Amino acid sequence: MDIMNLVYETLIADPFIYEQAGKEDRIKSYEYPKSADVDNPFIVIDPIDVPTPSDFADDTWIKFDCLIQIDVWTRDRKKSIAIANKIRDVMWNEFGFNQNSGPQEFDNVVFRDARRYRGKLYREDFDSL
């Protein structure tokens, strides 16, 4: 299961997120922006841990437990919060992932809102088990 690609495709499908960062290909994984690159919003998706097997039935695991962090970088604190709130809603509505704590930082005229999301997804071959 490629949770990173799944999250990316879901975020880019949201019209608000696409308008803010997707249409200029500013949603990345493992790639953090330089201060000069945040004239427009920048979103970074990072796994905190590899998806781990969970939830068992008849001695077979049936779900992945996932923990990811999604950072929003802008020069406008209110814009960062608005984008991060929309991401929170998408993560809940599409995956059922709940938001956990994460830092909010301001440095060198750049605001960063980083939130962590945890949830479980059925394994891809669930129907053939």
Side-chain angles (χ1 to χ4, degrees):
M1 168 177 290
D2 185 355
I3 185 68
M4 304 299 287
N5 192 52
L6 193 60
V7 169
Y8 173 83
E9 294 295 332
T10 303
L11 291 180
I12 204 96
D14 180 84
F16 177 74
I17 296 170
Y18 178 79
E19 183 66 28
Q20 295 298 317
K23 69 180 182 183
E24 294 181 17
D25 194 29
R26 300 176 69 82
I27 301 175
K28 305 288 185 184
S29 295
Y30 304 105
E31 186 178 326
Y32 284 84
K34 296 178 182 170
S35 294
D37 288 344
V38 292
D39 287 336
N40 292 308
F42 203 98
I43 297 172
V44 180
I45 306 166
D46 273 333
I48 300 300
D49 197 1
V50 295
T52 54
S54 72
D55 295 20
F56 297 84
D58 295 330
D59 292 330
T60 303
W61 61 273
I62 58 174
K63 290 183 178 180
F64 286 104
D65 183 16
C66 304
L67 177 61
I68 63 172
Q69 179 170 307
I70 302 176
D71 293 25
V72 178
W73 302 71
T74 72
R75 294 190 187 280
D76 181 335
R77 181 183 66 87
K78 290 182 179 180
K79 184 178 278 188
S80 284
I81 292 171
I83 296 169
N85 286 342
K86 185 62 177 176
I87 291 170
R88 175 202 60 213
D89 295 345
V90 168
M91 294 300 290
W92 177 255
N93 293 332
E94 298 298 324
F95 301 113
F97 281 24
N98 62 339
Q99 178 190 327
N100 296 306
S101 64
Q104 287 187 329
E105 301 174 333
F106 181 78
D107 187 28
N108 200 21
V109 197
V110 175
F111 188 79
R112 172 184 172 226
D113 186 316
R115 299 180 187 191
R116 293 180 176 179
Y117 298 92
R118 170 162 252 146
K120 296 178 181 180
L121 298 174
Y122 282 100
R123 58 192 285 182
E124 293 169 328
D125 61 349
F126 179 74
D127 291 334
S128 64
L129 294 177

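Only a predicted model underlies this, so the values are computations on that prediction, with no experimental measurement involved.
- Residues Arg123 and Thr60 form a side-chain contact, since some pair of their non-hydrogen atoms from C-beta on lies under 4.5 Å apart.
- Here the options are Thr74, Asp107, Asp71, the test is side-chain hydrogen bond (donor to acceptor under 3.5 Å, both in side chains), and the partner is Arg112; only Asp71 passes.
- Nearest heavy-atom pair across Ala21 and Pro41 is CB-O, 3.8 Å.
- Residue pairs meeting the side chain to side chain donor-acceptor pair (under 3.5 Å) criterion with at least one member in residues 90-101, sequence neighbours excluded: Gln99-Arg115.
- Residues satisfying the side-chain hydrogen bond (donor to acceptor under 3.5 Å, both in side chains) criterion with Asp76, sequence neighbours excluded, are absent altogether.
- With sequence neighbours left out, the ring pair (Phe, Tyr, Trp, His ring centres under 6.0 Å) criterion links Tyr18 to no other residue.
- Note on residues 44-55: pairs passing side chain to side chain donor-acceptor pair (under 3.5 Å), not counting sequence neighbours, are Tyr32-Asp46, Asp55-Lys120.
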Compile the donor-acceptor pairs under 3.5 Å between side chains in residues 4-16 and protein atoms, sequence neighbours left out, one pair per line.
residue, atom, partner, partner atom, Å
Thr10, OG1, Leu6, O, 2.8
Asp14, OD2, Phe16, N, 3.0
Asp14, OD2, Ile17, N, 3.0

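- Considering only heavy atoms from C-beta on, Lys63 stays 4.5 Å or farther from Leu121 through its side chain.
- The side-chain hydrogen bond (donor to acceptor under 3.5 Å, both in side chains) search around Arg26 returns none, not counting sequence neighbours.
- Side-chain atoms of Ile81 and Gln104, non-hydrogen and from C-beta on, do get closer than 4.5 Å to each other.
- Ile48 belongs to a hydrophobic cluster whose remaining members, ordered by chain and number, are Leu67; membership requires side-chain heavy atoms of ILVMFWY residues under 4.5 Å apart, directly or through intermediates.
- Put simply, the side chain of Ile3 reaches to within 4.5 Å of the side chain of Phe97, judged on heavy atoms.
- In terms of the side chain to side chain contact (heavy atoms under 4.5 Å, CB included) criterion, residue partners of Lys28 (sequence neighbours excluded) are, by chain and number, Asp25, Glu31, Phe42.
- With sequence neighbours excluded, the residues satisfying side-chain hydrogen bond (donor to acceptor under 3.5 Å, both in side chains) with Lys23 are Glu19.
- Taken from CG in Asp113 to CH2 in Trp73, the straight-line distance is 11.0 Å, to the nearest 0.5 Å.
- Ser80 contributes atom OG, which lies 10.5 Å from atom CG of Asn85 (distance to the nearest 0.5 angstrom).
- The side-chain hydrogen bond (donor to acceptor under 3.5 Å, both in side chains) test applied to Arg77 returns no partner, not counting sequence neighbours.
- By the ring pair (Phe, Tyr, Trp, His ring centres under 6.0 Å) test, Phe111 is found to be paired with no residue, residues two or more places apart in sequence or in another chain being considered.
- Contact between Met91 and Tyr117 at its shortest, heavy atoms only, is CB-CD2, 3.9 Å.
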